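In listed order, ligands and their atoms are each counted from 1. Scope of the values below: all heavy atoms of this structure, side chains included, with no hydrogens, waters or symmetry mates. We count residues from 1, following the sequence as given. What you see is a predicted model, and the numbers here were worked out from it, not measured in a lab.
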Amino acid sequence: MTERQILIGKTVAHVLCLMPALDLVRIYRNGSLVAQADPVNFITHFTGDWALWLLLAGLAITPLRRLSQGVGWQGLNGLVRFRRMVGLYAFFYATLHLLTYVLLFSGYNVPAAFAGLEAGRLLEPWRQLQIIWPAILDDVRKRRFIQVGFAAWLILLTLAATSPRGVLQAIGGRNWQRLHRLVYLAGALACVHYWWLVKTGVRTPWKVTAVLTVLLGVRVAFGMRKRNSIPPERRKKGNREATGVLT
Ligand code: HEM
């Protein structure tokens with residue numbers, strides 16, 4: 001892929017990744033959102049779905065690139081340049097999802113927070129959060145799907161915070177790569193989150209789980225092939241990071 005193609009591709013990718021958020025704004029403004037049976041539930045599911053789909057899309061990039069190389073087609077090599085962006089959009093939707101939970105799902109008094117700000121009480125949003133905090137903690141304690149969802153979000157936060165090139169240089173490529181493999185754990189936790197929140201007998205999360213399993217399987221297979229291609233004398237004990245199953 002040429003630099004020009006990458007630039008055009010990135011612009012298109014930004015537009016595509018922002019489209020769900022813009023669609024949400026559109027349906028809010030034209031009144032279709034409030035016409036939903038449960039608007040808050042709609043936003044929670046909408047943002048959760050997009051966070052998970054984009055997470056999987058980001059995870060699909062490396063296997064797609066390697067598969068294309070395997071069949072002698074170099075056309076998808078530049079795809080790796082989109083991985084960070086797609087991952088950050090997954091984090092963006094996961095954060096909207098979390099904010100929906102805190103600000104809309106848990107009874108946060110948004111009008112009171114705004115009224116306070118307008119009246120010059122800058123700590124009012126924080127005060128409102130303190131009011132609902134015990135209810136949130138209680139919910140987190142009781143509902144384990146929220147605990148795993150939160151764990152997945154924390155991983156995404158860590159990966160987003162360490163995604164800049166400067167951090168990569170500071171901690172070293174190998175450490176960075178190891179840390180960023182946690183994205184698979186985030187994907188797995190997000191799937192568990194989904195399975196645990198649906199009613200018993202509902203199988204809706206099977207598709208995302210199957211996609212994640214295939215992506216992980218392909219990545220492990222590539223890692224093993226790479227490992228086996230290294231002569232045994234060079235495969236030192238404890239040198240797993242160089243020949244790691246997932247690299
Ligand atoms: C940050 C902490 C999180 C909280 C508090 C949270 C909370 C919730 C809640 C309350 C629901 C709706 C449950 C219901 O219908 O009863 C939900 C659904 C969902 N969440 Fe999360 N979640 C979190 C993190 C995540 C993350 C990180 C992802 C994905 C990367 C995710 C993906 C989903 C999906 C896919 C659904 C179901 C959507 C559907 O049914 O269409 N969640 N979450």
Side-chain angles (χ1 to χ4, degrees), residues 16-21 23-24 27 32-33 36-62 82-108 110 128-163 179-216:
L16 289 177
C17 292
L18 279 171
M19 258 161 73
D23 198 39
L24 207 51
I27 62 170
S32 332
L33 184 60
Q36 297 286 330
D38 185 342
V40 173
N41 203 36
F42 177 87
I43 304 173
T44 312
H45 286 243
F46 185 88
T47 48
D49 281 338
W50 277 104
L52 189 47
W53 292 335
L54 284 169
L55 190 60
L56 295 178
L59 285 178
I61 288 179
T62 302
F82 296 81
R83 205 171 42 184
R84 178 169 170 263
M85 176 204 283
V86 177
L88 286 173
Y89 273 110
F91 172 65
F92 168 68
Y93 283 99
T95 305
L96 285 184
H97 184 64
L98 172 64
L99 286 175
T100 310
Y101 171 76
V102 174
L103 299 181
L104 304 176
F105 215 86
S106 309
Y108 183 88
V110 182
Q128 290 301 329
L129 188 63
Q130 280 178 321
I131 294 173
I132 58 152
W133 197 240
I136 291 185
L137 282 185
D138 195 43
D139 201 23
V140 171
R141 226 174 281 130
K142 279 192 201 138
R143 303 207 282 178
R144 56 186 189 150
F145 81 85
I146 306 252
Q147 294 163 13
V148 284
F150 192 62
W153 182 80
L154 280 180
I155 293 177
L156 295 182
L157 171 70
T158 309
L159 302 188
T162 55
S163 73
L179 178 70
H180 279 251
R181 275 183 213 143
L182 284 177
V183 68
Y184 285 95
L185 180 60
L189 289 172
C191 286
V192 172
H193 170 68
Y194 200 171
W195 279 109
W196 280 355
L197 71 89
V198 294
K199 290 196 179 75
T200 317
V202 176
R203 299 268 171 263
T204 335
W206 80 265
K207 283 184 204 152
V208 279
T209 311
V211 171
L212 179 72
T213 310
V214 169
L215 291 175
L216 191 57

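Every atom of ligand 1 is numbered from 1 in the order shown, and the set under 4.0 Å from a heavy atom of Thr44 is 9 (C), 11 (C), 12 (C), 17 (C). Remark: ligand 1 atoms within the under-4.0 Å shell around heavy atoms of Asn41 are 15 (O). Atom numbering of ligand 1 starts at 1 in the shown order; those under 4.0 Å from a heavy atom of Ile146 are 5 (C). Under a 4.0 Å criterion applied to the non-hydrogen atoms of Ala190, ligand 1 contributes the atoms 29 (C), 30 (C). Distances below 4.0 Å separate heavy atoms of Trp153 from the following atoms of ligand 1: 1 (C), 27 (C). Ligand 1 places these atoms under 4.0 Å from at least one heavy atom of Leu197: 13 (C), 17 (C), 18 (C), 19 (C), 36 (C).
The protein heavy-atom contact nearest to atom 41 (O) of ligand 1 is Asp49 OD2, 2.8 Å. When only non-hydrogen protein atoms are considered, atom 37 (C) of ligand 1 lies nearest to Tyr194 CE2, 3.6 Å. Atom 24 (C) of ligand 1 has its closest protein heavy atom at Gly149 O, 3.4 Å.
Between Phe92 and Tyr89, the ring planes lie perpendicular to each other; the angle is over 60°, past the 30° to 60° tilted range. Ring-plane geometry between His193 and Phe145 is classed as tilted, the angle between the planes lying from 30 to 60 degrees on a 0 to 90 degree scale.
Between atom 42 (N) of ligand 1 and the options His193, Gln147, Arg143, the minimum heavy-atom separation is to His193.
Between Leu212 and Val208, the closest side-chain pair of non-hydrogen atoms is not below 4.5 Å. For the pair Leu129 and Ile132, the minimum side-chain heavy-atom distance is below 4.5 Å. Contact check for Ile43 versus Leu33: side-chain heavy atoms found under the 4.5 Å cut-off. Looking at Leu182 and Thr158, their side chains never come closer than 4.5 Å, going by heavy atoms from C-beta outward. Between Leu157 and Phe91 there is a side-chain heavy-atom pair separated by less than 4.5 Å.
The presence of a protein heavy atom under 4.0 Å from atom 16 (O) of ligand 1 is ruled out.
The line from NE2 of His97 to CG of Asp49 is 8.5 Å long, rounded to the nearest 0.5 Å.
The closest approach between any non-hydrogen atom of Tyr93 and ligand 1 is not below 4.0 Å.
Summary: NE2 is the N/O/S atom of His97 found nearest to atom 21 (Fe) of ligand 1.
Polar contact with ligand 1: absent for Tyr101 (N/O pair, distance under 3.5 Å). For a threshold of 3.5 Å applied to N or O pairs, the pair formed by His45 and ligand 1 contains at least one separation below that value.
Under the 3.5 Å distance criterion, the side-chain polar atoms of Thr47 are left unmatched by any main-chain donor or acceptor of Tyr93.
A donor-acceptor contact under 3.5 angstrom links the side chains of His45 and Asn41, judged on distance only.
When heavy-atom distances to ligand 1 are checked against a 4.0 Å cut-off, Thr204 has no atom that comes that close, whether in backbone or side chain.
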